[in-house]
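Below is one structure, written out as structure tokens; comments come after it.
Atoms within each ligand, like the ligands themselves, are counted from 1 in listed order. Because the structure is predicted, anything quoted here is derived from the model rather than measured.
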Amino acid sequence: MAVPAAVVAESLRTLPGDDVRHVMWRFSERYDLQMLVQSVRQVARGPVARMVAEGARNSHEWTEQKNALLEHYDAAGVTGVFMEPHQGGFLEGPKNLAMALVAFELAWVDAGAATGSLAGHLALSPIHERGTQEQQDKYMNLAAPARPGEDRKPWRGAFALTEPIPYVGVDTGMLGGKVSVASWEPGREPMLQVEKRGRFITNMGFANFVTAAVDSADGRIKGTCMVILEEGDPGTFDRGTPTKKLVHQLSSTSDPIFSMTVPASRIIGGYTVKDGVIIPKYSHDEVIAAVFKHTRVPVGVMTSAKLLSAVEPVIRYQRGRFRGAQQSKPGSPRYDLGLQVRQDVLHRLTDVWATGEAGASLGFHTARLFDELDPLEKEKFRILEEKGISGRGELRLFKEVNARAVELVKQRSRPEPERDAARVAELEADPLVRYAILDSAAMVLCPATKLWNTGHGATVMREAVSLMGGYGITEDCPGFLGNKWMDAQLEATYEGPEAVQRRQLSVCMQNEVFLAQFDGWTKELRHIASERPDTGACNLASAFVLWRYTHQHLQVATDAAGEKLYQGPRQGVTFALSDALAWLMAARALVLDVIALEQKGGENAVVAEGLPGLVTFYEDLAHVQCARASGEVGRICAELVYGYNLHPTWGEEARKACYEAKDLDELEDLIPGIGSCAVDVIGEGGTHPDKAGPCAHCTRVADFAVLRMKLDQCLTGARLAKDRAAEALSKVMIPEALDYPV
Ligand SMILES: Cc1cc2nc3c(=O)[nH]c(=O)nc-3n(C[C@H](O)[C@H](O)[C@H](O)COP(=O)(O)OP(=O)(O)OC[C@H]3O[C@@H](n4cnc5c(N)ncnc54)[C@H](O)[C@@H]3O)c2cc1C
């Protein structure tokens, strides 16, 4: 490999350990989380890994052997991580980062194990997010592991939304599950009859309670809600037959049937009675939205953990590939490097690593953001309740709050001397403004994490498998890479497949507060690029600009038939732009983490040793990822900007029309489907040869072309960075053997 000697500076010595992760994922100060990671890791690389190696994934049934994992989770803090200390948990405050770290550790070995543990939290989430205080205290306490001296088994839960076809799947409004009044004696609490069938419900093999989504089948109950069903309630609690999954076999999944009578106090969030009608405080949609807002982040992190876990086994495989051969002598490149004498395997592994790294950065960034957002959300609820504002009133209030949030974002993105400090302080003092800023970012970053990490991650996981040759698709593959590849597809599917995430993104990226932040992030990247060009931030900033331009263009542009492009049903437009946005978010998160490593790494003695090489390597990975993201964004945006026009045949008439049209609308009336070719035919750079100024359409298309060209030119150095990262992979020291199964 011809990497100029001058550019091969110090590089990666060993694979990044925990200290590096603490710095990059910003939990250096959180000893509680560091200890949690260690204890979960012992379970993951011990009992979980042994179970996978022994073939426990070969059965669909929830066996005694698999059930034993639950007690390991309890002992390691995996179960209690969700609860408050007074409910039997051990962590104070928001727990999004903690849960993401737990998911990461378990999925490093087996994502089914991670899913089993997360599903318990998912079952509790409706209660946690929208339950009454009594519901929260009751079920959190029951689900917490036994405290010292207590003799009880913790309750396990399942979350039942999905129903047999043709009911709930992606479309959560198609509820087949029903609730009606079973009996209602005067002055007493109503009793409800719940009929619910589930499909693919995780934890059903052992759950003691279920949080289920149902619709009213009775004029005396309004709308939909979620209810809590307990195993001991009167009626049928049929766990159903196990699902014949090809993936995640260390979690339990089945199609249960419930026909039960429960008190109305099991309606999550409570209810009021008006004119003899039970009105649940929250519809099932409101509860679900609050739940998935949080729970999708750890799922995204799971797939990234698998990609990162592939690096060490692949390097070991590559290095040892030819060691036994007669002609391969110790000291020879063939003996020492094996397959790594071939550039392609190193480049592909670099891509795997960069993808895993960017996904983890995005996931943990989002989890930390939720940790900041959660207390503010509570504060928002308190303020609204105090002011007696709900429904449309809330929307009206937030119109005004959002305007101030945009103002604050714009102020913050100016250089400090240019800011109005007093105004900034005033705006920052308003919790609703701070909430609006964080929430609008979270509403994009969460689906971006779920979409990009799992969807693109699954594709790249295949690449990791292919690097192991035939071994990759055997049960014996070190690091269980074949399993991890298949499993990734489930992570892309459950808790809402990619279509659901794209749908959310296409709505939430329209939020003006988010867009103002997006513009601020673009400036920030430009600034980073000026100081640290090796991160690829320049290329990424240009991709941000191109995306923003395309986003604006699509708001007003029409297709060849004059139909508006950016509209809900037009998923070809909105979903594609959502994908592009997710690429940007992931690459940005990695760049920010690399900067944190550079700035804070020196404070940790372990990281400080070898820091320059580590930073160089990580800058190269970020550069590779930025280049890849900008390529995707360029492709998607170009298709969207040019792809909805017809290829015109330019005659004199068209030239004349383009010249004479006052604006784009008029031009498009005259020539439906005018396209990019206008630039070639009518004039370079959007200027008509015989006219002083450009017409509106030519300007717009020409502007895009200029931005796209700039984007491509900003790729400078990207392949050199890839060469360097690849070179580092051929030199990095790895342990003699994988540390799992142990
Ligand atoms: C192992 C496993 C465990 C699970 N655990 C649980 C659980 O614990 N609790 C629970 O409630 N559910 C669970 N699920 C269900 C899971 O969440 C659903 O399978 C998932 O949400 C998709 O629903 P569906 O399978 O009905 O797909 P469908 O709704 O049939 O969608 C199929 C595909 O059609 C396309 N599509 C559908 N609608 C749209 C649209 N509006 N726009 C564009 N494209 C669209 C998408 O490509 C989508 O992937 C689990 C699933 C599995 C496989």
Side-chain angles (χ1 to χ4, degrees), residues 57 60-62 66 107 110-126 156-177 196-207 209-214 224 226-227 229 239-258 284-285 287-289 291-292 295-296 298-299 302 447 450-451 454-455 458 483 486-507 567-576 578-579:
R57 288 180 55 121
H60 302 298
E61 274 66 36
W62 189 247
K66 294 180 191 175
D110 188 86
T115 292
S117 82
L118 286 179
H121 304 146
L122 181 63
L124 286 165
S125 281
R156 316 286 179 189
F159 171 88
L161 169 64
T162 309
E163 298 175 339
I165 288 170
Y167 298 109
V168 172
V170 164
D171 188 343
T172 55
M174 298 272 295
L175 272 175
K196 170 88 182 178
R197 296 173 78 107
R199 176 168 56 112
F200 304 148
I201 305 304
T202 308
N203 281 8
M204 254 343 286
F206 52 83
F209 71 96
V210 174
T211 43
V214 282
T224 66
M226 287 200 76
V227 288
L229 309 174
R239 298 180 185 282
T241 45
T243 308
K244 291 188 174 156
K245 286 178 293 185
L246 294 169
V247 294
H248 283 218
Q249 291 92 342
L250 292 193
S251 69
S252 148
T253 316
S254 64
D255 297 358
I257 301 168
F258 309 107
H284 86 294
D285 262 339
V287 180
I288 289 164
V291 167
F292 285 148
T295 55
R296 285 170 174 158
V299 179
M302 280 163 55
K450 175 74 165 57
L451 171 66
T454 64
N483 292 343
M486 276 290 273
D487 285 353
Q489 182 51 39
L490 177 56
E491 289 131 45
T493 299
Y494 70 8
E495 291 208 27
E498 289 149 287
V500 174
Q501 314 311 319
R502 291 179 174 125
R503 203 170 49 187
Q504 186 183 332
L505 276 164
S506 62
V507 173
Q567 49 168 314
R570 200 139 204 184
Q571 297 177 338
V573 175
T574 58
F575 280 22
S578 304
D579 282 337

_side-chain hydrogen bond (donor to acceptor under 3.5 Å, both in side chains) assessment of S251 paired with K245_ = CA-CA 10 Å; S251 69; K245 286 178 293 185; 3.1 Å; yes

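Checked against the 6.0 Å centroid criterion, the rings of F292 and F159 qualify as a close aromatic pair.
Residues R197 and D255 are not paired through a salt bridge, judged by the lack of any N-O separation under 4.0 Å between the basic side chain and the carboxylate. Look at D487 and R57 and you find a salt bridge, because one of the NZ, NE, NH1 or NH2 atoms lies within 4.0 Å of a carboxylate O, short of that distance.
Although no hydrogens or angles enter the test, the distance criterion places no donor-acceptor pair under 3.5 Å between the side chain of K450 and the main chain of G455.
Among all protein heavy atoms, the one lying closest to atom 46 (C) of ligand 1 is A499 CB, 3.9 Å. In this structure, atom 38 (N) of ligand 1 lies nearest to the protein heavy atom V170 CG1, 3.2 Å. Of the protein's non-hydrogen atoms, the one nearest atom 53 (C) of ligand 1 is L490 CD1, 3.4 Å. Scanning the protein heavy atoms around atom 3 (C) of ligand 1, the nearest turns out to be T202 OG1, 3.3 Å. Scanning the protein heavy atoms around atom 14 (N) of ligand 1, the nearest turns out to be F200 O, 3.3 Å.
Closest approach of G240 and S254 over heavy atoms only: O-CB, 3.9 Å. Looking at every heavy atom in both residues, A113 comes nearest to L250 through N-CB, 3.9 Å.
For ligand 1 and T162, the ligand atoms under 4.0 Å from any heavy atom of the residue are 10 (C), 11 (O), 12 (N), 13 (C), 14 (N), 15 (C), 16 (C), 17 (O). The ligand atoms of ligand 1 that sit less than 4.0 angstrom from a heavy atom of P497 are 20 (C), 21 (O), 22 (C), 49 (O). Counting the atoms of ligand 1 from 1 in the order shown, those under 4.0 Å from a heavy atom of K245 are 1 (C). Residue-ligand proximity, E495 to ligand 1, at heavy-atom distances under 4.0 Å covers atoms 17 (O). Applying the 4.0 Å criterion to heavy atoms of Q571 picks out, from ligand 1, the atoms 42 (N), 43 (C). When each atom of ligand 1 is checked for a heavy atom of I201 under 4.0 Å away, the hits are 7 (C), 8 (O), 9 (N), 10 (C), 11 (O).
Checking atom 34 (O) of ligand 1 against the protein gives no heavy-atom contact under 4.0 Å. Within a 4.0 Å radius of atom 41 (N) of ligand 1, the protein contributes one or more non-hydrogen atoms.
Proximity of V247 to ligand 1, defined as any heavy-atom pair under 4.0 Å, is not found for any part of the residue. With a heavy-atom cut-off of 4.0 Å, R503 touches ligand 1 through its side chain alone.
Proximity of R199 to ligand 1 is established by a heavy-atom distance of less than 4.0 Å. In this structure, H248 falls outside the shell of residues with a heavy atom less than 4.0 angstrom from ligand 1. Under a 4.0 angstrom heavy-atom cut-off, R502 registers as lying outside contact with ligand 1.
Ring geometry for F206 against W62 counts as tilted: the plane angle lies between 30° and 60°, on a 0 to 90° scale.
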